[in-house]
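Structure record follows, encoded as structure tokens.
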Amino acid sequence: MRKFYGMELPNPLMLGTAQYPSPAILAEAFKASGAGVATVSLRREGSGGAGRAFWSMIQDLGVLVLPNTAGCHTVREAVTTAKMAREVFGTSWIKLELIGHTDSLQPDVFQLVEAARILTEDGFEVFPYTTEDLIVGERLLEVGCEVLMPWGAPIGSGRGLNNEYALRAMRAEFPDTPLVIDAGIGLPSHAAHALELGYDAVLLNTAVARAGDPAAMARAMALAVEAGRLCHEAGAIEARDMAEPSTPVIGKAFL
């Protein structure tokens, strides 16, 4: 599996930590998924007892922590949040979210590139939540990002991969860059398809946290990404418009 800033993950699944019915169910879901990365919002960490208890629980999961700048709308806000997260969580990893559109939660790619530049120059290892735009991806790599995280669909929508053509193009354009589908995954089949396209991982939250049985859904997602990865490595056949007999007809007698 491809490395993320020098770190190899146990499987291609990253999980968020919001919206679970309880901390116990969150822990069960992570255990069932085998995910090696937990995304955590700084807003979940406070100075009171609840904040400390949450952080202690995340540490007990034994996974890598990827703090995020969820809810930020300006470069200044995102950079400040990232610096605070580095102090709280003790990691240079940061998932950079910089929202530009309130309804769709689409990233503001212009501010995203600028914030990524500032953070990488300050020693952060940035995981930018971006669109599937190739030019934006190129600019993010130019300012020092080593990972790209294009959305599959709007956050929490569960729509899967809305623009497969563009996602295929991004994989082809950046063959040596770790790519993660971030946002929009609703079903295990969506996660599997992302890996079938050659993506290196998926990051999801709502599909597991708000499922009827989060632990069971987490397990389903883990199996799906593994199946998708194996499919990509094995080399799937190309789709055809016409039938092709699976049994050879050479040597068959024609009467």
Side-chain angles (χ1 to χ4, degrees), residues 9-22 25-41 44 61 63 66 68-71 95-97 99-107 127-133 147-171 178-232 236 239:
L9 307 184
N11 73 30
L13 184 60
M14 305 178 181
L15 277 185
T17 56
Q19 304 186 63
Y20 289 85
S22 72
I25 291 175
L26 185 157
E28 289 175 4
F30 265 85
K31 182 178 180 180
S33 73
V37 175
T39 60
V40 180
S41 171
R44 296 292 301 277
L61 294 176
V63 298
L66 177 60
N68 65 44
T69 61
K95 177 188 169 185
L96 182 60
E97 292 185 32
I99 302 302
H101 190 262
T102 303
D103 291 335
S104 67
L105 301 181
Q106 180 168 332
F127 293 68
Y129 166 60
T130 183
T131 65
E132 62 276 77
D133 188 284
V147 177
L148 297 176
M149 302 179 73
W151 65 348
I155 295 172
S157 68
R159 295 181 58 86
L161 308 185
N162 270 355
N163 193 343
E164 183 178 328
Y165 168 81
L167 292 173
R168 286 182 181 273
M170 178 168 271
R171 178 70 284 175
L179 298 181
V180 182
I181 294 293
D182 179 12
I185 298 295
L187 298 171
S189 57
H190 299 156
H193 192 40
L195 273 291
E196 289 168 2
L197 295 180
Y199 278 72
D200 300 292
V202 296
L203 194 162
L204 55 92
N205 188 163
T206 307
V208 169
R210 299 184 65 179
D213 185 338
M217 183 60 74
R219 178 60 176 156
M221 290 294 184
L223 293 172
V225 294
E226 181 64 10
R229 183 185 65 82
L230 290 172
C231 172
H232 179 71

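Quick caveat, the model's predicted, so the values are computed rather than measured.
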Is there a side-chain contact between [X] and [Y] (heavy atoms, below 4.5 Å)?
| X | Y | answer |
| --- | --- | --- |
| His232 | Leu195 | no |
| Ser33 | Val208 | no |
| Arg171 | Asp200 | yes |
| Arg229 | Glu226 | yes |
| Pro107 | Thr131 | yes |

Just verifying a value: how many Å separate [X] [atom1] and [Y] [atom2], rounded to the nearest 0.5 Å?
| X | Y | atom1 | atom2 | answer |
| --- | --- | --- | --- | --- |
| Glu164 | Leu197 | CD | CG | 5.0 Å |
| Leu187 | Met217 | CG | CE | 7.0 Å |
| Glu97 | Thr130 | CD | OG1 | 11.5 Å |

Pairing residues for Ala194 by the side chain to side chain contact (heavy atoms under 4.5 Å, CB included) criterion, not counting sequence neighbours: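 Listed in chain order: Leu161, Ile181, Val202.
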Parallel, tilted or perpendicular: rings of Trp151 and Tyr129 (30°, 60°):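 Rings of Tyr129 and Trp151: perpendicular, as their planes differ by over 60°.
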Counterpart residues, ring pair (Phe, Tyr, Trp, His ring centres under 6.0 Å), relative to Phe127 (two or more places apart):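 Residues passing ring pair (Phe, Tyr, Trp, His ring centres under 6.0 Å) with Phe127: Tyr5, Trp93.
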Where do [X] and [Y] come nearest, in terms of heavy atoms and distance?
| X | Y | result |
| --- | --- | --- |
| Ala38 | Val63 | CB-CG2, 3.7 Å |
| Ser157 | Gly184 | OG-CA, 4.0 Å |
| Pro150 | Met170 | CG-SD, 3.6 Å |
| Gly36 | Pro10 | CA-CG, 3.7 Å |
| Pro188 | Ala220 | CG-CB, 3.8 Å |

Residues Leu15, Met221; criterion side chain to side chain contact (heavy atoms under 4.5 Å, CB included); working and verdict: CA-CA 10 Å; Leu15 277 185; Met221 290 294 184; over 6 Å; no
Contacts of type salt bridge (Lys or Arg N to Asp or Glu O under 4.0 Å), residue Glu28, not counting sequence neighbours: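 Partners of Glu28 by the salt bridge (Lys or Arg N to Asp or Glu O under 4.0 Å) criterion come out as none, since no residue qualifies.
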Check: Tyr20 side chain, Ala29 main-chain N or O, donor-acceptor pair, under 3.5 Å: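 Not at all, since once roles are kept as given, no pair shorter than 3.5 Å links the two residues.
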Sidechain-backbone polar pair: Thr17 side chain, Thr39 backbone, donor-acceptor under 3.5 Å: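 Pair found, side chain donor or acceptor close to backbone of Thr39.
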Residue that, paired with Lys95, satisfies side chain to side chain contact (heavy atoms under 4.5 Å, CB included) out of Thr69, Val147, Asp182: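 With Lys95 as partner, side chain to side chain contact (heavy atoms under 4.5 Å, CB included) holds for just one option, Asp182.
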For Met14, the option from Asn205, Leu9, Leu204 that meets side chain to side chain contact (heavy atoms under 4.5 Å, CB included):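 That would be Leu9.
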